[in-house]
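Everything below concerns the one structure shown next.
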Amino acid sequence: MQVLSEQELERRKDREELMKLGINPYPAPAFPINVTADDIHRNYENRKTDYKDIKIAGRLMSRRIMGSASFGEIQDASGRLQFYIRRDDICPGEDKTLYNTVFKKLLGIGDFLGLKGYIFTTQTGEISLHVTEMIVLSKSVKPLPIVKRDEEGNVHDGFTDPEMRYRQRYVDLTVNPEVKNTFITRSKIISQMRRYFDDHGWLEVETPILQAVHGGAAARPFGTHHNTLDMPLFLRIANELYLKRLIVGGFDGVYEFGKMFRNEGMDRTHNPEFTSMEIYVAYKDYIWMMEMVEELIEQVTEKIHGKTEIAVGDKLINFAGPYRRLTMYDSIKEYAGIDVSELDEAGLRGVCKQLAIEVDDTMGRGKLIDEIFGAKVEANLIQPTYITDYPIEMTPLAKKHRTEPGLVERFELFVNGKEIANAYTELNDPIDQRERFEDQLKLAARGDDEAMAMDEDFLRSLEYGMPPTSGLGIGIDRLTMLLTNKTTIQEVLFFPQMRPEKKQVEMSEEEKGIFELLKLESPVAIGLLKEKAGLSGKKWDVAMKGLTGKGVAKVTKEGDSITVSLLD
RNA sequence: GAUUCCGUAGCUCAGCUGGUAGAGCAAUACACUUUUAAUGUAUGGGUCCUGGGUUCGAGCCCCAGCGGGAUCACCA
């Protein structure tokens with residue numbers, strides 16, 4: 001069914017030709033390398049004698065052929081290296097096939113090669129590999145987009161279409177080296193965080209992704225079904241309630257990096273699956289947690305960038321702690337000029353109307369305050385800022401504030417106008433927790449589809465007793481966006497969710513009929529096939545032209561016999 | 001979900017007022033032993049996203065659909 005371009009056919013032919021010459025384009029033996037491109041560029045000048053006998057492997061990314069000598073570039077995981085290859089070096093005898101035929105004609109950009117030789121500096125000063133031996137490691141049969149860079153670093157013919165970059169991330173990573181760096185940074189962020197937590201003696205754990213009750217957050221879940229148990233299961237929208245069970249069980253500190261799944265909208269800051277890091281530490285409160293987060297983020301930023309002040313878009317953001325702390329009410333007072341602390345639900349509705357904020361009847365007091373905050377405050381929080389002390393109605397898992405009635409001990413960390421972390425002094429009174437869940441059920445009854453579900457087993461665990469605990473969640477994708485200066489979540493996910501690529505090749509009824517017949521027998525004599533198909537002459541003709549045109553079937557004429565065969 | 005822009009060769013993109021589809025790179029062939037966005041000459045390569053419509057004639061105009069981008073809304 002695959003319709004191949006001229007260039008793809010050409011490369012398949014080259015693959016065959018290599019085999020005919022006795023060269024396996026996909027050899028089994030390992031090709032042990034002893035150096036990387038980056039190593040050579042960094043160290044050759046100082047330790048020239050170490051680079052007399054090197055082996056390097058990677059993709060052929062450019063070629064400049066000039067008669068019996070050529071230049072090219074090979075790209076390994078660390079970068080690119082120019083090589084110089086001369087006919088009489090790799091073909092010392094009479095037979096010049098390896099250079100004239102294999103290198104010049106049968107290889108192409110994108111092929112993997114193993115090269116042996118020594119490093120030298122060209123007349124123009126470029127550190128290069130003088131090739132003495134060349135081995136084909138893997139033939140590429142699909143042409144790679146060629147991205148060129150000139151001396152000023154300008155990119156020509158860039159591979160920039162976001163759709164193709166995300167759908168074919170492997171190509172993106174191959175031809176756009178800076179993309180690789182984003183993901184290396186992402187990995188470093190996670191490993192630095194992990195190191196920080198491990199150094200404090202906290203335990204990395206794994207909790208269920210398939211959950212019978214999707215608790216711990218307010219979001220629509222993905223549902224699935226377990227056959228043996230014959231029961232519905234949900235992909236987790238949060239892991240909070242399981243991590244707390246582990247604190248109940250006696251661990252002092254537990255953390256988990258993991259995927260969460262929310263069946264909601266997709267845009268530049270939301271993907272259906274995303275990565276969060278949640279940590280719970282016993283005998284701590286949210287004040288302690290704020291200090292911990294400051295230290296954590298400051299250290300991670302320092303390790304990644306070597307400094308704490310970094311550019312995000314057109315802004316400079318300083319991740320060195322301590323961060324500004326502002327209560328939810330004070331922030332609304334500051335940015336909207338309104339004191340909402342004493343207002344009841346009706347009063348808040350009045351404020352929303354005055355500020356032209358859309359609300360609906362399902363919204364309770366907490367939700368209304370959150371709407372005002374979202375509309376008036378959030379975007380102003382550029383430098384790292386803690387917003388603290390949220391209304392109790394919007395936070396059913398956090399402990400009541402130690403001094404302020406109606407509030408809970410919660411903070412969220414905002415940077416560049418976006419929330420990147422959320423933390424509580426955790427609610428550990430089982431009676432209070434049950435009442436909060438019941439309030440959520442009432443909100444659900446009002447039509448709030450984000451209200452949290454009751455989790456009886458979690459309540460039972462609290463009844464046994466949970467020590468005072470502080471918990472934190474950090475959105476790893478959003479933190480990575482900040483630290484890599486990317487504006488969309490797709491840029492920090494290897495494989496962001498996309499719509500299905502394209503519909504199957506559509507066939508008419510007649511074409512389908514012939515296709516089914518061909519699946520039973522192929523190749524088949526054309527007369528027999530036509531008879532079996534039972535179509536009128538015109539319909540037969542149109543259907544056959546359609547099938548051959550789509551590359552589904554092929555008509556072959558040998559002497560007097562004409563046969564039809566199915567193509568892959 | 002709304003608005004708006006886009007979909008043309010393997011890649012990046014032109015395409016006039018509606019009149020037989022173009023360039024650069026890549027590919028193929030030839031030349032060339034230190035080039036580097038190598039160069040020179042020649043050649044091949046197209047479902048102009050899909051389906052309708054208007055028209056003597058549609059890549060271009062109209063309608064519908066598919067896919068994507070941006071902005072906004074929603075999503076703690």
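Since the model is a prediction, treat every value here as computed from it, not as a measurement.
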Task: Candidate list A/N422, A/T388, A/D389, test side-chain hydrogen bond (donor to acceptor under 3.5 Å, both in side chains), partner A/R410, passing option - done: A/N422
- [ ] Using only side-chain N and O atoms of A/S68, determine if any of them is under 4.0 Å from OP1 or OP2 of B/U33.
- [x] yes
Open item on the list: Say we look at B/C25 and B/A42: how far apart would their P atoms be, to the nearest angstrom?
Closed with: 13 Å
TODO: Determine the Euclidean distance between corresponding P atoms of B/G7 and B/G45; express it in Å to zero decimal places.
DONE: 25 Å
Open item on the list: Can you confirm if the aromatic rings of A/F414 and A/F373 lie within a centre distance of less than 6.0 Å?
Closed with: yes
TODO: Could you work out the separation of B/A9 and B/G24 based on their P atoms and round it to a whole Å?
DONE: 16 Å
Task: Identified pairing partner of B/C16, criterion: Watson-Crick or G-U wobble below 3.5 Å - done: none
Task: Under 3.5 Å side-chain donor-acceptor pair for A/T97 and A/D95 - done: yes
Open item on the list: Does B/A27 have its OP1 or OP2 closer than 4.0 Å to a side-chain nitrogen or oxygen of A/K104?
Closed with: no
Task: Derivation and outcome, side chain to side chain donor-acceptor pair (under 3.5 Å), residues A/Q82 and A/Y84 - done: CA-CA 7 Å; A/Q82 174 169 275; A/Y84 175 63; over 6 Å; no
Open item on the list: Here's a test of your reading of the structure: between A/R87 and A/Q7, which maps to the more 5' nucleotide of RNA chain B?
Closed with: A/Q7
Open item on the list: Heavy atoms from C-beta onward define the side chain here; which of B/A27, B/U35, B/U28 lies closest to that of A/I109?
Closed with: B/A27
Task: Distance test, side-chain N/O of A/K105 to OP1/OP2 of B/C30, below 4.0 Å - done: yes
Open item on the list: Between C1' on B/C75 and CD1 on A/I489, what's the gap in Å once rounded to a whole number?
Closed with: 12 Å
TODO: Measure from CZ on A/R167 to P on B/G67 and round the result to the nearest Å.
DONE: 9 Å
TODO: Assess whether one donor atom and one acceptor atom, taken from the side chain of A/Y84 and the base of B/U35, lie less than 3.5 Å apart.
DONE: no
Task: Other residues, nucleotides, ligands: >12 heavy atoms within 6.0 Å of A/K48 NZ - done: yes
- [ ] For A/I65, answer base if it contacts any base atom (sugar-phosphate contacts may also be present), sugar-phosphate if it contacts only those atoms, and nothing otherwise; contact means non-hydrogen atoms under 4.0 Å.
- [x] base
Open item on the list: Return whichever of A/T487 or A/M452 has its heavy-atom-nearest nucleotide of RNA chain B closer to the 5' end.
Closed with: A/T487
Open item on the list: Nearest whole Å is fine: how far is B/C13 C1' from A/I146 CD1?
Closed with: 16 Å
TODO: Sticking with atom P, work out how far B/U8 lies from B/G68, rounded to a whole angstrom.
DONE: 15 Å
Task: Interatomic distance where CE belongs to A/M164 and C1' belongs to B/C13 [whole Å] - done: 12 Å
Task: Sugar-phosphate only, base, or nothing, as touched by A/E419 at under 4.0 Å among non-hydrogen atoms - done: sugar-phosphate
Open item on the list: Could you identify the nucleotide paired to B/U28, looking across every strand shown and requiring Watson-Crick or G-U wobble geometry with both distances under 3.5 Å?
Closed with: B/A42
TODO: Would you classify A/D161 as touching base, sugar-phosphate or nothing, given that sugar-phosphate means primed atoms plus P, OP1 and OP2, and contacts are heavy atoms under 4.0 Å?
DONE: sugar-phosphate
- [ ] Please work out if A/Y99 contacts a base, only the sugar-phosphate, or nothing of the nucleic acid, heavy-atom cut-off 4.0 Å.
- [x] nothing
Open item on the list: Quick one, A/M66 and A/F71 - any side-chain contact, counting heavy atoms below 4.5 Å?
Closed with: yes
Task: Between B/C32 (P) and A/R86 (CZ): distance, integer Å - done: 16 Å
Open item on the list: Partner lookup for B/A37, please. Criteria are Watson-Crick or G-U wobble with both distances under 3.5 angstrom; report none if nothing qualifies.
Closed with: none
TODO: Ignoring backbone atoms, test whether A/R64 places a side-chain nitrogen or oxygen under 4.0 Å from the OP1 or OP2 oxygen of B/U35.
DONE: no
Open item on the list: Of the listed nucleotides (B/A76, B/U35, B/C25), which one gets closest to any side-chain atom of A/A217?
Closed with: B/A76
TODO: Report the relative orientation of the aromatic rings in A/Y386 and A/Y323; use parallel for angles under 30°, tilted for 30 to 60°, perpendicular for over 60°.
DONE: tilted
Open item on the list: Please report the distance separating the P of B/C6 from the corresponding atom of B/U43, rounded so that it comes out in whole Å.
Closed with: 35 Å
Open item on the list: Among B/G45, B/C32, B/G69, which nucleotide has an atom closest to any side-chain atom of A/E6?
Closed with: B/G45
TODO: Choose from B/C11, B/A76, B/U34 the nucleotide whose nearest atom is closest to any side-chain atom of A/M66.
DONE: B/U34
TODO: Using whole Å, report how far CD1 of A/I372 lies from C1' of B/A76.
DONE: 15 Å
- [ ] Quote, to the nearest angstrom, the P distance that separates B/A31 from B/G15.
- [x] 39 Å
Open item on the list: If I pick the P atom on B/C66 and the same atom on B/U28, what distance separates them, to the nearest angstrom?
Closed with: 40 Å
Task: Six-ring centre of A/F274, A/R478 cation under 6.0 angstrom, axis tolerance 45° - done: no
Task: Below 4.0 Å: OP1/OP2 of B/U71 and any side-chain N or O of A/R268 - done: yes
Task: Complement of B/A2, any strand, by Watson-Crick or G-U distances under 3.5 angstrom - done: B/U71
Task: Nearest-angstrom distance from the residue atom CZ of A/F83 to P of B/U33 - done: 17 Å
Task: Nucleotide nearest A/E10 when distance is taken to its side chain, options B/A27, B/A76, B/C75 - done: B/A27
Task: Side-chain H-bond candidate by donor/acceptor type, A/T488 with A/E491, under 3.5 Å - done: no
Task: OP1 or OP2 of B/A38 under 4.0 Å from side-chain N/O of A/K148 - done: yes
- [ ] Determine the interatomic distance between C1' on B/C48 and the same-named atom on B/C60; round to the nearest Å.
- [x] 10 Å
- [ ] Just call it for A/E412: base, sugar-phosphate, or nothing, with non-hydrogen atoms closer than 4.0 Å on any strand.
- [x] sugar-phosphate
TODO: Could you let me know what B/G51 is paired to, Watson-Crick or G-U wobble, both distances under 3.5 Å, or none if it's on its own?
DONE: B/C63
Open item on the list: Rounded to whole Å, how long is the line connecting atom CZ of A/R478 with atom P of B/C75?
Closed with: 13 Å
Open item on the list: From C-beta outward on A/R63, which listed nucleotide comes closest to its side chain: B/C25, B/A76, B/A27?
Closed with: B/A27
Open item on the list: Counting the atoms with a prime plus P, OP1 and OP2 as sugar-phosphate, which does A/Q123 contact under 4.0 Å by heavy atoms, base, sugar-phosphate, or nothing?
Closed with: base
